[in-house]
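Here is the structure we will look at.
Starting from 1, each residue takes its place in the sequence as its number.
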Amino acid sequence: MSPTTTGSTEPGKLIRPYGDTTGDGMVQISFTLPMPHSKVAEGAAEQLANKMGMEPALVAHAKPMGPDFTFFVVYGRVNHLVDPSKVEVVERDYPLLTPKEVNATVKESLRRRMVVVGGCIGTDAHTVGIDAIMNIKGFAGEKGLEYYRELKVVNLGAQVSVPQLVDRARAENADAVLVSQVVTQRDAHILNTREMSAAFRESYPAAKRPVLVVGGPRFDEKMAGDLGVDRVFSRGTTPGEVASFLVHRILNRPENRTRPKQAS
């Protein structure tokens with residue numbers, strides 16, 4: 001999926017950050033320095049902010065984080081401008097369906113339950129993301145995929161190896177595979193996703209491969225092609241968005257579009 005350009009309706013209109021008054025360029029940033037809290041550490045934080053383009057910069061908050069680190073919040077002015085017309089994001093290119101509409105569409109078009117397998121791969125033990133999408137309790141006031149009667153949901157939980165995920169997807173004849181990655185140290189989420197997508201490419205013919213979806217707070221939604229997956233969802237994604245995407249992508253595959261209708 002290619003990114004689409006969005007932003008200001010007036011191309012070339014530049015804007016500045018807003019702090020106290022319109023267009024004053026004031027911003028607030030936070031970071032940690034590997035220094036004990038002291039006036040020298042606060043001076044170092046101010047120096048860093050100056051090098052980042054904040055002038056003047058004010059250390060608004062400093063808090064020791066153990067004996068050797070200090071957390072800072074710095075407030076100051078930047079001179080950078082933003083052109084919203086040149087911002088690239090991935091816009092939703094499919095209709096947002098209600099659970100009732102998802103069920104009806106799957107029943108009519110696929111004529112069987114859609115199978116969705118999901119889990120957290122690698123050493124990631126944080127299931128809050130995958131559970132928010134798959135468990136019936138859901139997220140943001142929406143029921144999870146287990147609520148959809150025309151979806152068969154298999155949640156493998158945490159610390160699933162890539163071979164285990166591929167094997168279970170094959171055993172379940174999965175239409176889609178959802179992977180959540182919260183642990184992101186040293187870009188583990190990127191490495192794990194690439195390993196996962198490569199394993200599915202090796203294990204399936206291109207036309208039979210499940211739809212691959214990954215999500216997590218550190219993913220860039222524009223990276224789907226680079227990661228070898230069909231869609232990347234970032235923070236704030238709801239179960240309804242995922243269900244709607246799966247219906248759109250799976251039912252628009254050639255083999256599903258051309259399947260003849262059963263006689264009534």
Open item on the list: I'd like to check the ring pair (Phe, Tyr, Trp, His ring centres under 6.0 Å) partners of F200; sequence neighbours left out, ordered by chain and number.
Closed with: Y204
Open item on the list: If you compare all heavy atoms of V229 against all heavy atoms of L212, which two are closest, and at what distance to 0.1 Å?
Closed with: CB-O, 3.6 Å
- [ ] Measure the shortest side-chain to side-chain distance between D175 and R112 over non-hydrogen atoms and say whether it is less than 4.5 angstrom.
- [x] yes
Open item on the list: I want to check something: taking the side chain as every heavy atom from C-beta on, are E46 and V74 in contact at a cut-off of under 4.5 Å?
Closed with: no
Task: Atom NE2 of H248: over 12 foreign heavy atoms under 6.0 Å - done: yes
Task: Any pair counted as side-chain hydrogen bond (donor to acceptor under 3.5 Å, both in side chains), so long as it reaches residues 58-71, sequence neighbours left out - done: none
Task: Heavy-atom check, side chain of S180 versus side chain of V182, under 4.5 Å - done: yes
TODO: Applying side-chain hydrogen bond (donor to acceptor under 3.5 Å, both in side chains), name anything that partners D226, two or more places apart in sequence or on another chain.
DONE: R194
Task: Sequence-distant partners of R113, side-chain hydrogen bond (donor to acceptor under 3.5 Å, both in side chains), two or more places apart - done: none
Task: Beyond-backbone contact of L227 with F219, side-chain heavy atoms, under 4.5 angstrom - done: yes
Open item on the list: So, taking the atom named CG in D20 and the one named OH in Y75, what distance separates them when rounded to the nearest 0.5 Å?
Closed with: 3.5 Å
- [ ] Work out which heavy atom in A41 is nearest to a heavy atom in F72; give both atom names and the distance.
- [x] O-CZ, 3.4 Å
TODO: Could you tell me whether the side chain of L96 reaches within less than 4.5 Å of the side chain of E241, counting heavy atoms only?
DONE: yes
Task: Side chains of V102 and L246 in contact at under 4.5 Å (non-hydrogen atoms) - done: no
TODO: Mind checking side-chain hydrogen bond (donor to acceptor under 3.5 Å, both in side chains) for N50 and listing every partner two or more places apart, or none if nothing turns up?
DONE: E55
Open item on the list: Just to verify, what does D131 make a side-chain hydrogen bond (donor to acceptor under 3.5 Å, both in side chains) with, not counting sequence neighbours?
Closed with: T127, N155
Task: For the student: nearest non-hydrogen atoms of S234 and P217, plus distance - done: OG-O, 3.9 Å
- [ ] Return yes when atom CZ of R218 has more than 12 non-hydrogen atoms of other residues, nucleotides or ligands closer than 6.0 Å, and no otherwise.
- [x] no
